Number of protein chains: 2
Amino acid sequence: MRVLIADDHDLLRDTLDLFLTSEAGIETVCAANFNDAAQLVAEGPDFDLVLLDYGMPGMDGLNGLERMLRMPGGHRVAIISGSATREVAEAALESGAAGFLPKTLSAKSLVNAVRFMAMGEQYAPLDFMRAAEAAPQHPLAEQLSTREFEVLKGLTEGKSNKEIARDLDIREPTVKLHVKTLYRKIGAANRTQAAMIAKEAGLF
Amino acid sequence: MRVLIADDHDLLRDTLDLFLTSEAGIETVCAANFNDAAQLVAEGPDFDLVLLDYGMPGMDGLNGLERMLRMPGGHRVAIISGSATREVAEAALESGAAGFLPKTLSAKSLVNAVRFMAMGEQYAPLDFMRAAEAAPQHPLAEQLSTREFEVLKGLTEGKSNKEIARDLDIREPTVKLHVKTLYRKIGAANRTQAAMIAKEAGLF
DNA sequence: CAATGGCCTATCCGTTCGGATAGGTGACCT
DNA sequence: AGGTCACCTATCCGAACGGATAGGCCATTG
């Protein structure tokens, strides 16, 4: 079994290498950034599994994952991350990743997950995925109507009421109404505050 | 020598534990979050060095570092991080941290750094600190005058010109002037855009 | 010394915002 | 059938914003 480990954290990469190599039948190759990893995949022979660090140089978020998946030999690719949220994990799996590994995993779990994924299964730690599941997506956004949400999006883009009206194909007074009610709901005193609140909440 | 390793990444913590323990004369204790770490420090006996992960639960950025430094036994504390920027590293050292360790370090360098710091030295990898040094701190912010910067801060807080004027103890027309010139400099069409641009740039 | 540049102030003007008020439509539920 | 709710439109008004223009103060610099 051939596994490619791509992570810019020397320490973690070495450890992973060590643990996997000591497993019978696992051959590992290492890279410290996305470009090196992509080249190794391109050169072949094919890997049974590629581990991509979410935050490594060249990754550009999940763009790297998608680029890797589109490559000839890049069919089994998993994301490994120390900081990413459940949303990112879900998006990765959605894009066709073989799995998602938070760095909070123990070495033993990680080795097991690697074997699991190399066999063609899709893996993600259940407790991690459940973690934020219960919490409401966005306490602020959920109390806004569809239109108000769209208007709020316009606000965060620094548009004027008139521009928002044009984009949504409604009259300006209507936009003003949505803006006003929206302020009340999220507790903003003016459009800039509304935009900042939305930004803080991680919307858009 | 007693070292406390506080990191929520099981894998990394175990590895660090392994490497340090194999070094003669280093005794390690582990914690997976800030509160556990703080309790271990409080209980004593004193550690020669405490390694705090920047992103672990309970840390709250550099707040955790400062709280730890204020504790009776918490004199030698280093920050370890996989994602933090040079700015954070500098701020940590400024606050009195014993060092800053990016997770891109190799195991060997890391063990050396730990020994170095435990001897009372302050450590930070030179290449890491030099990395962003050349690049302008904030391409946007640097072209603003002091006043314009203060006004921009007010904008991001959703204040009106009048409020900003009061806070800075200047007249409102002056604020308007700064706002206008500031728009030109950062390429904003209105105050909301200015606030969002500042936010995107990571200011405030 | 004169020039420069940052900072402050002022006035004027048109546009936009924020709020209030009043009403109309269609979908859905009881 | 009546009620509720989201969505749309309209008009009015005071306040704030965005821009232009014109000047004064002061420290730094050539």
Side-chain angles (χ1 to χ4, degrees), chain A residues 135-204, chain B residues 135-204:
Chain A
Q137 183 131 336
H138 282 304
L140 285 178
E142 294 319 301
Q143 52 188 338
L144 298 180
S145 72
T146 311
R147 263 321 198 205
E148 286 160 356
F149 192 81
E150 290 170 329
V151 170
L152 179 55
K153 180 174 175 56
L155 288 188
T156 63
E157 290 164 4
K159 291 177 181 164
S160 69
N161 289 340
K162 193 177 292 186
E163 286 174 311
I164 296 172
R166 184 168 38 70
D167 293 352
L168 297 181
D169 197 31
I170 56 181
R171 301 300 134 236
E172 196 200 343
T174 311
V175 174
K176 291 177 64 173
L177 172 68
H178 290 316
V179 168
K180 186 179 50 165
T181 55
L182 172 165
Y183 286 170
R184 262 212 316 278
K185 290 187 180 178
I186 69 175
N190 55 50
R191 57 181 49 222
T192 301
Q193 276 185 22
M196 297 306 277
I197 289 171
K199 190 78 179 172
E200 295 284 356
L203 274 39
F204 315 117
Chain B
Q137 184 130 335
H138 281 303
L140 286 177
E142 292 319 301
Q143 51 188 338
L144 298 181
S145 72
T146 311
R147 264 320 200 208
E148 286 160 356
F149 192 81
E150 290 171 329
V151 170
L152 179 55
K153 181 173 172 59
L155 288 188
T156 63
E157 290 164 4
K159 291 177 182 165
S160 69
N161 289 341
K162 192 177 294 187
E163 286 174 310
I164 296 173
R166 184 168 39 69
D167 293 352
L168 296 182
D169 197 29
I170 55 180
R171 301 301 131 236
E172 197 201 344
T174 311
V175 174
K176 291 176 64 174
L177 172 68
H178 290 316
V179 167
K180 187 180 48 165
T181 55
L182 170 165
Y183 287 171
R184 259 211 321 276
K185 290 187 180 177
I186 69 175
N190 55 52
R191 55 181 49 223
T192 302
Q193 275 185 24
M196 298 307 278
I197 288 170
K199 191 78 179 173
E200 295 284 355
L203 274 38
F204 315 119

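Reminder, nothing fancy here: chain letters follow the sequence lines and each chain counts from 1. Note that the structure is a prediction, hence the values are computed from the model and not measured.
The phosphate of D:dC7 has neither OP1 nor OP2 within less than 4.0 Å of any side-chain N or O from A:Thr174. Within the 4.0 Å cut-off from OP1 or OP2 of C:dC17, at least one side-chain nitrogen or oxygen of A:Arg191 is found. An OP1 or OP2 oxygen of D:dA6 is reached within less than 4.0 angstrom by no side-chain nitrogen or oxygen of A:Arg147. Taking only side-chain nitrogens and oxygens, A:Ser145 never comes nearer than 4.0 Å to OP1 or OP2 of D:dA6. Taking side-chain N and O atoms only, B:Arg171 has a distance below 4.0 Å to OP1 or OP2 of C:dT9. The phosphate of C:dC17 has OP1 or OP2 within less than 4.0 Å of a side-chain N or O from A:Asn161.
Following rounding to the nearest Å, B:Leu144 (CG) and C:dG5 (C1') show an atom-to-atom distance of 15 Å. As rounded to whole Å, 18 Å separates atom C1' of C:dC17 from atom NZ of A:Lys159. Going from atom CZ of B:Arg166 over to atom P of C:dC8 covers 17 Å, rounded to whole Å. The interatomic distance linking A:His178 (NE2) with D:dA10 (P) rounds to 13 Å, in whole Å. For B:Leu155 and D:dA16, the CG to P distance is 16 Å, given to the nearest whole Å. Residue A:Leu177 contributes atom CG, which lies 12 Å from atom C1' of C:dG18 at whole-angstrom precision. Between A:Phe149 atom CZ and D:dC7 atom P there is a gap of 13 Å when expressed in whole angstrom units. Here C:dG6 presents its C1' atom at 14 Å from CG of B:Leu182, a figure rounded to the nearest Å.
Residue contacts shown for B:Ser160 are limited to sugar-phosphate atoms, with no base heavy atom under 4.0 Å away. Residue contacts shown for A:Lys176 include a base, since a base heavy atom lies under 4.0 Å away.
Ranking C:dC17, D:dG18, D:dC17 by closeness to the A:Glu172 side chain, first place goes to C:dC17. Candidate nucleotides D:dT9, C:dG19, D:dG18 were compared by shortest atom distance to the side chain of B:Tyr183, and D:dG18 ranks first. Picking from D:dC8, C:dT16, C:dT9 the nucleotide with the shortest atom distance to the side chain of A:Lys162 gives C:dT16.
When all heavy atoms of A:Arg171 and A:Ala165 are compared, the closest pair comes out as C-CB, 3.8 Å.
Side chains of A:Leu144 and A:Ile186 form a contact here, defined as non-hydrogen atoms less than 4.5 Å apart. Using a 4.5 Å heavy-atom cutoff, the side chains of B:Arg191 and A:Asn190 are not in contact.
Using a 4.0 Å cut-off between charged side-chain N and carboxylate O, A:Glu157 and A:Lys153 make a salt bridge.
Rounding to the nearest 0.5 Å gives a distance of 11.5 Å between CZ of A:Arg166 and CD of A:Glu172.
Below the 3.5 angstrom threshold, one finds no donor paired with an acceptor across the side chain of B:Lys180 and the base of D:dG19.
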